[in-house]
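For reference, the structure discussed in these notes is given below.
All values below were derived from every heavy atom in this structure, side-chain atoms included, with hydrogens, water molecules and symmetry-related copies excluded. Not measured: the values here are computed from a predicted model.
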Amino acid sequence: MDEERATARAKLSTGEVYEELRAQILANRIPPGTRVNIEAVSRSLGVSPTPVREALHRLQGDNLVVATSGRGYSTTALLDLAGLRELFEFRLLVEPWAARSVAVDRLDNPARRLARELDEFEAHVGDVADIRSGLVGHDARFHDLILSATGNRVVQGAYAQTHCHLHMFRLYPADIGGEITHAEHRAVWEAIRDCDAGQAEEAMRQHLTQAFMRFAQAFEEGQPHGLQMRQPPSARTRMSS
């Protein structure tokens, strides 16, 4: 039996090694800032070092590992509060615009696809063993549907480079619930469905701002109220007018 198990594991492809290491990093079984010993990983998975190196190179592209000269690979550190703020400031520049852009009375309005995503998450949330995984997956699909509906590949590419939802997955507290996020998503969807561009933009801005505060609170309980995100110029103009 041991020989059969070893033979099966020896047949793992680079893609399978990548998926296994990715899952371990996202689940914090390989903690942030940990040096990855290629030989040890090879032994544990029953593969040669080559697919491990190739998998680590792919994970570097995901910003889940970093290569250090002379020291190999290490898992990336979690975002700190400053990095979290910068990520959400970027999202505040892009995603309210995206929500406004797709809230149009045309066939490419994504309201139906968003409604299906909301309904499926709501219907199956009780069946998901790992609520964190289910919630982050839903959040990623919801936001990606809106960004994809803009048809702007430059914006989609820039957003993808942030690896936003990989960061979100690693930061989510294990016991977080999805009710608040789901309600905020519904507010965005309703505005897009009603082709209310201004309300769609505002609902997305409110959602991202509140999400930032929830994550900040998970960092340092009691301190998030002292954190302030810089408003994009367009938002400052609207607020002062």
Side-chain angles (χ1 to χ4, degrees), residues 18-36 55-68 73-99 117 121 128 130-148 154-178 180-182 184-185 188 204-221 223-224 226-232:
Y18 162 80
E19 292 293 344
E20 174 62 25
L21 289 176
R22 185 175 183 271
Q24 291 190 31
I25 294 170
L26 290 177
N28 286 326
R29 294 198 297 273
I30 305 177
T34 300
R35 184 174 178 273
V36 180
L56 288 170
H57 182 70
R58 287 181 60 182
L59 290 165
Q60 186 179 9
D62 292 341
N63 285 348
L64 290 176
V65 301
V66 292
T68 306
Y73 291 92
S74 298
T75 52
T76 54
L78 292 178
L79 287 178
D80 58 13
L81 284 173
L84 180 73
R85 184 186 293 108
E86 289 172 357
L87 177 61
F88 271 87
E89 286 175 344
F90 169 78
R91 296 185 71 182
L92 277 167
L93 286 169
V94 171
E95 296 194 65
W97 165 82
E117 174 58 39
F121 175 71
V128 178
D130 183 354
I131 182 61
R132 183 179 64 149
S133 176
L135 178 58
V136 176
H138 160 66
D139 194 59
R141 291 188 296 272
F142 184 86
H143 288 272
D144 287 346
L145 279 170
I146 294 173
L147 286 163
S148 296
V154 173
V155 168
Q156 293 174 60
Y159 185 85
Q161 286 299 309
T162 69
H163 299 282
C164 170
H165 286 93
L166 293 181
H167 290 300
M168 298 299 98
F169 190 98
R170 298 174 81 196
L171 291 172
Y172 259 112
D175 60 349
I176 194 166
I180 296 175
T181 296
H182 186 263
E184 292 171 356
H185 282 177
V188 174
M204 180 64 81
R205 179 174 293 105
Q206 289 295 322
H207 166 50
L208 293 174
T209 302
Q210 293 304 314
F212 168 77
M213 298 304 285
R214 289 193 290 272
F215 277 109
Q217 191 167 12
F219 271 97
E220 295 183 22
E221 192 69 28
Q223 293 191 19
L227 297 170
Q228 297 293 329
M229 279 187 292
R230 295 181 293 273
Q231 293 288 340

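Every side-chain contact (heavy atoms from CB on, under 4.5 Å) that L26 has, sequence neighbours left out, goes to R22, L64, L166, F169, R170. In terms of the side chain to side chain donor-acceptor pair (under 3.5 Å) criterion, residue partners of H138 (sequence neighbours excluded) are, by chain and number, E117, H185. Not counting sequence neighbours, the partners of D62 by the side chain to side chain donor-acceptor pair (under 3.5 Å) test are Y18. Evaluation of the side chain to side chain donor-acceptor pair (under 3.5 Å) rule for Q60 yields no partner, not counting sequence neighbours. Every residue was checked against the side chain to side chain donor-acceptor pair (under 3.5 Å) condition with T75, not counting sequence neighbours, and none meets it. By the side-chain contact (heavy atoms from CB on, under 4.5 Å) test, V94 is found to be paired with F90, L147, V155, residues two or more places apart in sequence or in another chain being considered. Residues that satisfy the salt bridge (Lys or Arg N to Asp or Glu O under 4.0 Å) test with R35, not counting sequence neighbours, are absent from this structure. In this structure E20 satisfies the side-chain contact (heavy atoms from CB on, under 4.5 Å) test together with Q24, R29, L45, sequence neighbours excluded.
Between R141 atom CZ and I146 atom CD1 the span is 13.5 Å, to the nearest 0.5 Å. F212 CZ to L81 CG: the interatomic distance, rounded to the nearest 0.5 Å, is 7.0 Å. The CG atom of L79 sits 12.0 Å away from the NE2 atom of H163 when rounded to the nearest 0.5 Å.
Considering all non-hydrogen atoms of both residues, F121 and G134 come closest at CE1-O, 3.8 Å. Heavy atoms only, all atoms of each residue included: P32 and A77 are closest at CB-CA, 4.1 Å. Nearest heavy-atom pair, T34 versus P31, reported as atom, atom and distance to 0.1 Å: OG1-O, 2.7 Å. Nearest heavy-atom pair, G83 versus D80, reported as atom, atom and distance to 0.1 Å: N-OD1, 2.7 Å.
Counting only residues at least two apart or in different chains, salt bridge (Lys or Arg N to Asp or Glu O under 4.0 Å) contacts with residues 90-99 comprise R91-E95.
At least one side-chain heavy atom of Y159 sits under 4.5 Å from a side-chain heavy atom of D144. The closest side-chain heavy-atom distance from V188 to F142 is below 4.5 Å. Residues I180 and Q210 have side chains not in contact (no heavy-atom distance under 4.5 Å, counting atoms from C-beta outward). T209 has its side chain out of reach of E184: every pair of non-hydrogen atoms, C-beta onward, lies at least 4.5 Å apart. H207 is listed as a side-chain neighbour of T181, based on a closest heavy-atom distance under 4.5 Å.
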- Task: Please step through side-chain contact (heavy atoms from CB on, under 4.5 Å) for the pair H143 and L208, ending with a clear verdict.
- Result: CA-CA 11 Å; H143 288 272; L208 293 174; 4.2 Å; yes
